[in-house]
There are 2 protein chains.
Amino acid sequence: MLTRRDRKKQQTKAALMSAALRLADERGLDHVTVEEISEAADVSPRTFFNYFATKDDAIIGEQIADGPSVCDRLLAVPAEVPLIPAMLEALAPEIQQFQADREIWLLRMRVIKNNPSLLPLLVARGGIAERESAGAIATRLGLPADDYFALLAATLTGTAVRAAMMRWADSEGHDDLPQLVREAFGVLAEGLNTQRKKGD
Amino acid sequence: MLTRRDRKKQQTKAALMSAALRLADERGLDHVTVEEISEAADVSPRTFFNYFATKDDAIIGEQIADGPSVCDRLLAVPAEVPLIPAMLEALAPEIQQFQADREIWLLRMRVIKNNPSLLPLLVARGGIAERESAGAIATRLGLPADDYFALLAATLTGTAVRAAMMRWADSEGHDDLPQLVREAFGVLAEGLNTQRKKGD
DNA sequence: CTAAAAGTTTGCAGTGACTGCAACTTAGTG
DNA sequence: CACTAAGTTGCAGTCACTGCAAACTTTTAG
């Protein structure tokens with residue numbers, strides 16, 4: 001059940017995130033202090049740290065999916081489906097989420113682009129999800145859980161999604177995100193094919 | 001010319017790095033202060049920051065190659081050579097360097113493993129090199145400089161190398177590093193091939 | 001309705017990373 | 001031996017972040 005308390009917490013968290021994004025966008029991340037962010041969200045600085053471990057976290061947010069994770073969804077797709085289509089299907093809800101939170105994500109990507117020190121964190125966050133997915137991919141392919149290829153495939157999908165997001169943000173959201181992701185995977189498959197031909 | 005001054009600088013830098021690694025290995029990164037590291041290297045804390053922008057930098061080091069970069073070497077390999085062998089060749093000197101600095105790298109990887117907060121930085125550092133390589137790969141394949149596939153391929157090689165390094169470190173240096181890297185690339189090519197068959 | 005329990009916010013005091021500046025010391029140069 | 005350029009250091013200051021305990025608010029139970 002969602003009590004009033006919980007609702008208020010969500011509100012506060014959203015306020016902090018959005019204040020952090022807005023201010024960082026206006027002035028650049030290192031010209032914004034936690035104090036100012038808290039001020040803008042109308043809570044004490046100490047409270048800020050009850051919600052986020054670091055200032056950067058307030059910008060990046062936490063990729064928490066309420067429902068089943070990419071990982072779960074990937075395992076749910078029938079095993080006959082080839083990896084790339086399966087991955088696309090498992091990713092679909094996430095992508096919809098990005099579009100639903102369109103404003104925030106466009107802003108977030110812009111801030112990250114203008115403050116490259118944030119990129120490591122973004123990549124690292126993706127990396128966690130990727131490592132989980134790697135296990136699921138391995139299962140699908142009947143490989144041991146810590147298989148090289150599974151890890152590489154997972155990394156690749158993460159990179160593809162990130163590249164698509166960047167491109168989407170660069171177009172200021174004019175491009176169609178699902179289309180861009182499909183394109184990234186398509187280019188990938190095609191490129192790998194080309195590579196195989198040249199390599200053989 | 002390499003004056004005494006320069007030699008001293010190198011010494012100091014090495015001393016700081018090695019002190020940072022040793023202490024972080026013994027006590028864990030956040031139980032070591034910059035003051036203690038400087039103390040151990042026998043310089044003032046202020047001097048530490050003349051050498052490294054952040055504490056973490058002293059652990060990760062800066063992947064500075066004196067000679068030509070991976071990027072340059074990749075372009076030097078004849079265009080007929082397929083991408084993966086070309087990449088292996090371009091990477092060879094780096095790998096030798098890792099082996100030459102064997103002790104430091106094994107220690108470094110152990111510290112990173114035990115202090116995951118460092119991972120983002122390591123990945124980010126790799127990411128810079130990858131983005132450069134992406135350009136070179138694109139050139140080799142006759143693609144535009146910001147091509148999707150080139151970026152994905154570059155990311156993949158970075159991940160392969162990193163995975164090989166991790167495995168090498170896990171074996172405490174008993175495994176043969178060049179062998180592990182070749183294996184990573186091999187598994188990769190093979191896996192992609194399998195995937196193509198399933199996917200068509 | 002009320003009092004205790006449980007959860008949340010806040011202030012305070014402290015640690016430690018990191019920076020700019022100016023004084024000081026030392027190595028290279030003519 | 002100056003003279004200069006480069007490197008080192010101390011100092012004062014800002015800001016991220018933490019633990020603790022007090023104050024406050026919501027929920028729960030009697």
Side-chain angles (χ1 to χ4, degrees), chain A residues 1-21 23-24 26-62 111-112 115-122 124, chain B residues 1-17 19-21 23-24 26-62 111-112 115-121 124:
Chain A
M1 157 207 178
L2 212 62
T3 159
R4 152 146 87 238
R5 225 179 220 163
D6 296 317
R7 251 172 292 134
K8 266 206 121 175
K9 280 190 78 169
Q10 275 185 249
Q11 256 181 276
T12 305
K13 189 163 199 165
L16 283 169
M17 262 186 42
S18 120
L21 279 171
L23 292 173
E26 284 170 3
R27 310 189 208 159
L29 183 57
D30 18 298
H31 296 115
V32 180
T33 67
V34 169
E35 194 173 349
E36 290 165 328
I37 297 171
S38 321
E39 182 67 25
D42 200 37
V43 293
S44 82
R46 188 63 186 79
T47 298
F48 177 96
F49 289 106
N50 288 341
Y51 284 89
F52 300 102
T54 71
K55 186 168 75 164
D56 292 357
D57 278 336
I59 302 284
I60 301 295
E62 21 224 283
V111 170
I112 291 171
N115 299 273
S117 69
L118 290 169
L119 211 91
L121 185 56
L122 181 69
Chain B
M1 158 207 178
L2 211 62
T3 159
R4 154 153 38 176
R5 221 179 224 164
D6 297 316
R7 251 172 292 134
K8 266 206 123 178
K9 280 190 79 170
Q10 275 185 248
Q11 257 182 275
T12 305
K13 189 164 200 165
L16 282 169
M17 263 186 41
L21 279 170
L23 291 174
E26 284 170 4
R27 309 188 209 160
L29 184 58
D30 17 300
H31 296 115
V32 179
T33 69
V34 169
E35 194 173 349
E36 290 165 330
I37 297 171
S38 320
E39 181 68 24
D42 200 36
V43 293
S44 82
R46 188 63 186 79
T47 298
F48 176 96
F49 290 106
N50 288 341
Y51 283 90
F52 300 101
T54 70
K55 186 168 76 164
D56 292 359
D57 278 336
I59 302 284
I60 301 294
E62 21 224 284
V111 170
I112 291 171
N115 299 274
S117 69
L118 290 169
L119 212 92
L121 185 57

Next on the checklist: Would L121(B) and I59(B) count as a side-chain contact (heavy atoms from CB on, under 4.5 Å) here? Give the steps.
Outcome noted: CA-CA 10 Å; L121(B) 185 57; I59(B) 302 284; over 6 Å; no

Could you tell me the separation between the [atom1] atom of [X] and the [atom2] atom of [N], rounded to a whole number of Å?
| X | N | atom1 | atom2 | result |
| --- | --- | --- | --- | --- |
| H31(B) | dT15(C) | NE2 | P | 15 Å |
| R7(A) | dG7(C) | CZ | P | 18 Å |
| R46(A) | dC15(D) | CZ | P | 19 Å |
| D30(A) | dC18(C) | CG | C1' | 12 Å |
| I37(A) | dC17(D) | CD1 | P | 10 Å |
| D6(B) | dA5(D) | CG | P | 17 Å |
| E35(A) | dC17(D) | CD | C1' | 14 Å |
| K13(B) | dG7(D) | NZ | C1' | 14 Å |

Item to check | Close approaches to DNA chain C from residues 49-56 of chain B, in residue order (heavy atom, under 4.0 Å) | outcome: F49(B), A53(B), T54(B), K55(B)

Next on the checklist: Checking contacts here: which listed nucleotide (dT26(C), dA6(C), dT9(D)) is nearest the side-chain heavy atoms of R5(B)?
Outcome noted: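 It is dT26(C).
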
Checklist entry - When you measure from the side chain of K9(A), which nucleotide among dA17(C), dT8(C), dT10(C) comes out closest? => result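 The answer is dT8(C), which lies nearest to the side chain.
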
Checklist entry - How would you list, by chain and number, every residue that makes a side chain to side chain contact (heavy atoms under 4.5 Å, CB included) with A15(B), sequence neighbours excluded? => result A41(B)

Next on the checklist: Looking at E39(A), I want to see if its CD is surrounded by more than 12 non-hydrogen atoms of other residues, nucleotides or ligands under 6.0 Å.
Outcome noted: no

Checklist entry - So do the side chains of M17(B) and Y51(B) get within less than 4.5 Å of each other, counting heavy atoms only? => result no

Next on the checklist: Would you say that K9(A) contacts T12(A) through its side chain, given a criterion of any heavy-atom pair below 4.5 Å between the two side chains?
Outcome noted: no

Next on the checklist: Give me each pair satisfying salt bridge (charged side-chain N to carboxylate O under 4.0 Å, His left out) with a member in residues 43-58 of chain A, each pair once, sequence neighbours excluded.
Outcome noted: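 For residues 43-58 of chain A, and leaving out neighbouring residues, the salt bridge (charged side-chain N to carboxylate O under 4.0 Å, His left out) pairs sorted by first residue read D57(A)-R125(A).
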
Checklist entry - When all nucleic acid strands are considered with a 4.0 Å heavy-atom cut-off, which category describes K8(B): base, sugar-phosphate, or nothing? => result nothing

Checklist entry - Within less than 4.0 Å of OP1 or OP2 of dT10(C), is there a side-chain N or O belonging to T47(A)? => result yes

Checklist entry - Looking only at heavy atoms, what is the nearest atom pair of V111(A) and A24(A), with distance? => result CG1-CB, 4.0 Å

Checklist outcome for this item: On DNA chain D, more 5' by nearest nucleotide between S44(B) and F48(A) is S44(B)

